[in-house]
Amino acid sequence: MSQPADPPILSTRGAVPTDQRHRLVECVGNTPLLELRRIGAEVAPVRIFGKAEWYNPGGSVKDRPALNMILDGEATGRLTKDKILLDATSGNTGVAYAMLGAALDYRIKLCVPKNIGPIRQRILESYGAELVMTDPTKGSDGAIEKAREIYAADPDTYFYPDQYNNDANWRAHYATTGPEILEQTNGEITHFVAGLGTSGTFMGTGKRLREDKPDVRLISFQPDGPMHGLEGLKHMPTSIVPGIYDEARADQNIWVRTEDAQKMCLRLAREEGLLVGMSAGAAVAGALQIARDLKEGTIVTILCDSGHKYLDFEFWGRK
Ligand code: PMP
C-alpha cells in the first residue's frame, strides 16, 4: 500500500500537526534485543543479550527518559510553549531533548562540558539547541552546577526537568525498557547489567524486572576511576550523586576499566558487527565478567548508543 505524501516531520517546526507529532514520539522505544553469539560462546550455556538502544530516533537510550520528562512537564503544566527547556547533559540526553524540542516546538538550552567534542556539538546545534559551554575539568558536575545557577537566577523563564533528580527519568524505563526485556526474553532473564549515569536506566528497569521476577539479579557497573572517558557513565564515589540513585537497588556493583571497555568495543564491532559506544563496550565487558562465574543464565545488558559519535577516539584504530 502506498503511504500518503506527508511532509517530513523534523523540518516542519512550528507547524507540526498532532498526528505527525505522534509519529516521531512513537518511534521511541521498542528496540531490538540482540544475542551476542560469538562473544557469548565463550561462556555457553550462559547467554548474553544486548538491547540495541541506538535504534531510537535520537540514537540512544536517552530518548526514553527525555520524552517522558517532557510529557510529564506538559501533564503537570510546568512545561508550556513560552518556557525554555533547560538541563545539564554530557551528550545523549541533550540530543534527545534537542530532537524532541525541534519536533514538538520547544526551545532547548543545554549546559554541556566544553570538551564534548565537535561532532556532538554539531549534532546539538543542528537540531537548533542553544548551548552553554561549561568548565571541561569539572565534567558533567560542572554542567549541573551551571544549569542550577541559570535556573535559580530566572526560574520563570525555564522548565528545568533536572534529569538527575526527576522520577520521570527512571519511570520511563520502568514503563518501557523493563517490560520490553521481559517480553523479549520470554521472562527468562536471570541477570540484568547496566551502567550508572543518572542511574535512571538501572533504577527503573531494575525495579520493573524485580517486581515481575523476584529472583532476578540486578548488577550495576561504574567506571573504576574518575578520569574514565566512558561517555555517559559516572564514577559515583567522586561525583554529585543523583537524587534518583539508590545503591540498595543493586544486588552487586562492579567496576569496569576503560581499557577493557575499549577492547570490548573493538570485539563487538569485529565479532558481532556492532559499532557501539564506550558505555556499551563497558556493559558487555561487565556482563562477560558476571557470566564467567555462572553455570547457566540469561544476562541482559543495555547498549546505550552507537560508536559513531566517538570515532575520534584513538582506540578505534587499534589492530
Ligand atoms: N551510556 C551512555 C552513552 C549514556 O549517554 C548514558 C546516559 N547518561 C548512560 C550510559 C547512563 O544511563 P543513565 O543516565 O540512565 O544511568
Side-chain angles (χ1 to χ4, degrees), residues 29 31 50-54 56 58-69 87-99 110-113 116-117 119-120 123-124 139-141 143-144 161-178 192-208 218-223 228-236 239-247 249-250 253 256 258 261-262 264-265 268 275-286 301-310 313:
T31 54
K51 197 119 167 81
E53 289 299 303
W54 65 89
N56 285 299
S60 87
V61 69
K62 300 303 291 198
D63 284 8
R64 298 175 189 260
L67 174 60
N68 203 39
M69 290 186 284
D87 215 341
T89 157
S90 59
N92 281 326
T93 311
V95 174
Y97 283 142
M99 172 191 72
L110 304 169
C111 298
V112 292
I116 59 165
I119 305 282
R120 276 180 288 166
I123 294 171
L124 297 170
S140 59
D141 285 355
I144 294 172
D162 187 4
Q163 59 164 337
Y164 294 92
N165 295 291
N166 188 333
D167 288 339
N169 174 350
W170 65 262
R171 282 188 199 281
H173 297 285
Y174 179 84
T176 66
T177 320
F192 176 64
V193 177
L196 303 176
T198 65
S199 80
T201 307
F202 181 74
M203 297 300 294
T205 310
K207 181 172 164 61
R208 184 68 178 77
L218 304 176
I219 299 132
S220 62
F221 73 83
Q222 297 172 53
H228 49 81
L230 299 174
E231 294 298 328
L233 297 178
K234 260 181 187 281
H235 177 250
M236 292 294 180
S239 304
I240 298 178
V241 177
I244 61 171
Y245 176 54
D246 175 7
E247 65 179 6
R249 168 72 59 209
N253 178 77
V256 177
T258 300
Q262 293 178 344
M264 189 54 78
C265 283
L268 283 160
L275 189 68
V276 294
M278 289 81 78
S279 83
V284 176
T301 192
I302 307 288
L303 310 177
C304 290
D305 64 1
S306 84
H308 292 91
K309 293 189 292 284
Y310 315 113
F313 281 69

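Index from 1, following the sequence. As the structure lists them, so they are numbered: ligands from 1, and atoms in each ligand from 1.
Selection from Thr198, Leu230, Asn92 by nearest heavy atom to atom 3 (C) of ligand 1 gives Asn92. Counting heavy atoms only, Lys62 comes closest to atom 7 (C) of ligand 1 of the residues Glu53, Lys62, Lys309. The heavy atom nearest to atom 1 (N) of ligand 1, considering only Pro65, Ala194, Gly204, Ser279, is found in Ser279.
Contacts with ligand 1 closer than 4.0 Å are made by backbone heavy atoms (N, CA, C, O) of Ser199 only, the side chain lying farther away. Within the 4.0 Å heavy-atom criterion, neither part of Ile302 lies near ligand 1. Looking at Glu231 against ligand 1, only its backbone comes within 4.0 Å, counting heavy atoms.
In terms of polar-atom proximity, defined here as any N/O pair under 3.5 Å, Gly232 does make such a contact with ligand 1.
Listed by number with element, the atoms of ligand 1 under 4.0 Å from a non-hydrogen atom of Thr201 are 12 (O), 13 (P), 15 (O). Taking every non-hydrogen atom of Asp305 and a distance limit under 4.0 Å, the qualifying atoms of ligand 1 come out as 3 (C). Counting atoms of ligand 1 from 1 in the listed order, those under 4.0 Å from a heavy atom of Gly197 are 11 (C), 13 (P), 14 (O), 16 (O).
By the 6.0 Å contact criterion, CD1 on Ile119 is open, its count of non-hydrogen atoms from other residues, nucleotides or ligands being 12 or less.
Ser220 OG to Glu247 CD: the interatomic distance, rounded to the nearest 0.5 Å, is 8.5 Å.
For the side-chain hydrogen bond (donor to acceptor under 3.5 Å, both in side chains) test with Arg64, the passing option among Thr201, Asn169, Thr31 is Thr31; the others fail.
Judged purely by distance below 3.5 Å, without hydrogens or angles, the side chains of Thr198 and Gln163 never pair a donor atom with an acceptor atom.
The pair Lys309-Glu231 fails the salt-bridge criterion, with no side-chain N (NZ, NE, NH1 or NH2) lying under 4.0 Å from an Asp/Glu carboxylate O.
You'll find the side chain of Phe202 stays beyond 4.5 Å of the side chain of Ile302, heavy atoms only.
Panel note: side chain Asp162, backbone Asn166; no donor-acceptor pair is recorded below 3.5 Å.
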